[in-house]
Amino acid sequence: MSAALGVLLRMALRNLVVHRVKSGVVGAIMFFGVFLVVSGTAMLDSIRASMEKSITSSLSGNIQVYSSEAEDELALFGSMAMGASDIGEIDAFAPLRELLLGIDGIKAVVPMGIATATVFGGTEIDRVLNDLRVSTQAADAEGTKMRFEQLGQIVGRMRKDVALAATASSDPEKVEDNLASLDRVLAPGFYDELVADPSGTLDWLDNKVAPVAADGRMLYLRNIGTNLDTFPKSFDRFRLVEGEMVPEGQRGILLSKAFYEKQAKNYVARELDKVKKQLDQGKTIAEDKTLSELVARTATQYQRIAFQLSPVDATVVTEKLRAKLGTDGDLATLLQSFLTMDDTNFADRYAWFYAEIAPKIRLYELPVGEEITLRSFTKSGYIRAVNVKVYGSFEFSGLETSDLAGANNLVDMMTFRSLYGKMTDDQLGELAEIKAASGAKAVTRDSVEDDLFGGGGGSLETETTTTTGAGFDEFAGVKLGAAGSAGALDTTRYTTAQMEDGLALTAAVILDNPDDVPAMIETIEAAAAAKGLKVQAVDWQSSSGIVGQIVMVLQVVLYAAIFIIFLVALVIINNTMVMATMERTTEIGTMRAIGAQRPFVIVLFLVETMLLGAIAGGLGAAAGALFITWLNHVGVPAVADALVLLFAGPRLYPVFTASNLLFGMGSILAISALSTLYPSVLAARVPPVVAMQAKE
Amino acid sequence: MSTASPGIVRLTDVVKDYPLGKVTVHALQRVNLTIEKGEFTVIAGPSGSGKTTLLNLIGCIDVATAGEVTVDGKSTGKLTDKQLTALRLNSIGFIFQSFNLINVLDIKQNVEFPLLLQGGMTKAQRAARVDDVVDKVGLRQFASQRPNELSGGQRQRVAIARALVTRPAIVLADEPTANLDSVTGTQIIDLMRDINHADKTTFIFSTHDDKVMKRADRIVRILDGMLEAAGLSEARASGVIENGGGVHA
């Protein structure tokens, strides 16, 4: 038998050499197919592994547990779906935590909630008026004078804008009114008015002048509510960049560094960063139209710097700009000229901007240490507002440049519950007192008509939702429309139990052994079911939402490519072998005549293609392995922000495993066998009588 | 006739028809023929007379439309493809007009090929058997060459060696000299003849070459699908014509 196999191999090998063109074409397809399988699956596996590392160690943990009554799937990094998703609620986190910590192999359990909120970035005039208020209250004459000059510059600019827009306005009276207010500020003697009656004048400025300015920028914050005391211990990629951790048991927010860079940074600085990034990628302002437009647009926004400079700084910057540019002119002209950059001077001016201008302006909105007002819509549609202090900024190591990883900010559980629409026990108590005092009683939807119109006494409260807290006015003590408002800040020190034991949306589970995920998911779900807890457990990929879907998409694209190339290989090998069968009928007929059974012929053809598959596939696998080894050496750069999260850093260093090679070889051998099946059966049907018909 | 031995090959009322479009070609018509073990028989006739069809039926690579073909004691009509293949492998050696060697194998490997199909022999046993037949056909010095490096005569010697290596009961040769010059053709026939004498191997071959015919023990003439003597006499009805050999019924 082995001797027969030997002759089969010998014949197959020699046939491959004799029909070298055919072998070359088919072999090339096989080579490329296996190369693609090995390198593609190795890349995919590496991406999956690195993503798992970045996602599990930054936000999701190994397993996420959330309500089984969720309408939508959990998406920690956001989903493709529009609108807020409903991932259900875990009303009481404590029993779930106890249950989970009781399971062997679970290292830690961290409560989590997701709440989006908005915050106003504020306007330059708001800030100047605020500063003026502080200076006048402190009787700081010099400061007041300086701030007033700054106000004059801003109002002067505003007047120009309003006058320009007047012709297009549908409300000429309002324009006139606005111009009159602005002219009053610019008129000589207004400073004396301010000094004479600081409070009244500032109120007038707040009411009449500040609203003329464009609205402050509204910033969107996606917040993950969690136990900020335990979060850094459970997620080792967490790194505090600036400021401090929120003191234990207190309310507070940690903003992501990416949020600062991408949203909260001064517009001009942010746009210059964008230009620099694109230039670093090899683009040029001269050749790239989008980039040159970006530079031109940035230059028109010079007042976003000018308005932020104090009068003293404005003078300093004007002098420095004159020296730098070698031209005369006022600050506006100089700034505009400075910001009109090209490929030759960009690097120099970018560095100069950060050295000379950036330190003198408010480079970031919502700076660390400031108190901000977060607003959110609760599930029942009520607006909630919470004042909270920004304690620091953070990032996830290796994912510094990832927009997706930086899309989430961290708040304490109390703040999360407020934003989400859950009241604290104190608030509930307060509400109960108000109700008792006012004699309000709850009515149900069914009996609302009778209760309202049927002659019942006392005032009524209509319960529109099952969520407690409906109707509670969280605006009390919160100043709307301005950043840095002096609203009531909750400085209560909560216990860990208070922080953790109420409502949460999910529980992040950290395992001792990350390989246990599938088994552990089953264990958790079974244990929860036994305790009557309505929760479900999912792995990091499912819980990460859009990011997990990216892996899925990559997988689909890769397998589609593999499928297509193998389909092509299948058709080509099949056709080539059918042709070979026809060319070799005499040889086959002769073998049949001298005593070769049909299976021998089938095996002969199969061996031939599979041998080619083994050789070409082996070379393809080796090339794929070498390619991945090379990539591992140089690293694959994450050219897009989304890739940083996928690659768990700025570069991916892929590795291949035996399973990649085996999968590549296995698939090509299977394809070889499959594609040769029909031709070999056709060959086996060649009648031995054709041997007699052969002519030299 | 009545005392006739069963013969190594026996055809009884064999008919072979081929459909050719709407017409049926009667390639063989009621052929009766017996060939004894050890005979050196030539089947003679012009082109299209049915020589190859007759050989195909004897060689079990085609089946009769009617009648019975018995080869080495086995009635071929009842055998499956697998059994027919096994019969060809073990009882029949083939020599083709175009040599039909496997070009990707060298001479020794070509000769060894049927032994590998048979199985059951050690490498040494196979090597000894191959060396023996390669010696017999005088190609020892060419043993490791490929068929396309040899002359036509040498290739036919390889084919003879391959046909003999399994020690078959019958060797069939379809116009073995047709692609050879006359001197080489004569040498090939002489070689076959020598082997026939030495080993008592039955040789049945077709030809239309008179010089080749003269070297045969026995000539079976065929014309238009019928053996020439058919219907003439009892002795000739069996299709046997004397040419130095005996008359067989």
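Protein chains get the first letters and strands the later ones, always in sequence-line order, with residue 1 at the start of each.
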Flag yes if more than 12 heavy atoms outside Phe600(A) fall under 6.0 Å of its CZ atom; otherwise flag no.
yes

Judged by atom type as modelled, is there a donor-acceptor pair below 3.5 Å linking the side chain of Gln597(A) to the main-chain atoms of Lys82(B)?
yes

Counting heavy-atom pairs closer than 4.5 Å to chain A, which one of Leu55(B), Asp81(B), Asn56(B) comes out on top?
Asp81(B)

Does atom CZ of Arg10(A) have more than 12 heavy-atom neighbours from other groups under 6.0 Å away?
yes

Quick check for you: among Asn90(B), Leu87(B), Thr85(B), which has the greatest number of heavy-atom pairs under 4.5 Å with chain A?
Thr85(B)

Write down the atom of Ala593(A), the atom of Phe96(B), and the distance for their closest heavy-atom approach.
CB-CZ, 3.9 Å

NZ of Lys22(A): more than 12 outside heavy atoms within 6.0 angstrom?
yes

Which of Arg598(A), Glu587(A), Met591(A), Arg592(A) touches chain B most, by non-hydrogen pairs under 4.5 Å:
Arg592(A)

Glu149(B) atom CD, neighbour heavy-atom count above 12 within 6.0 Å:
yes

Is the number of heavy atoms from other residues, nucleotides or ligands within 6.0 Å of OH (Tyr678(A)) greater than 12?
no

Nearest non-hydrogen partners of Leu89(B) and Gly595(A), listed with the distance:
CB-CA, 3.7 Å

Ignoring hydrogens and angles, tell me if any N or O in the side chain of Arg88(B) forms a donor-acceptor pair with the backbone of Ile594(A) under 3.5 Å.
no

Counting neighbours of CG on Asp224(B) that are heavy atoms of other residues, nucleotides or ligands and sit closer than 6.0 Å, is the number greater than 12?
no

Between Met11(A) and Leu105(B), the two heavy atoms sitting closest are CG-CD2, 3.5 Å

Ile102(B), part contacting chain A, at a heavy-atom distance under 4.5 Å:
side chain

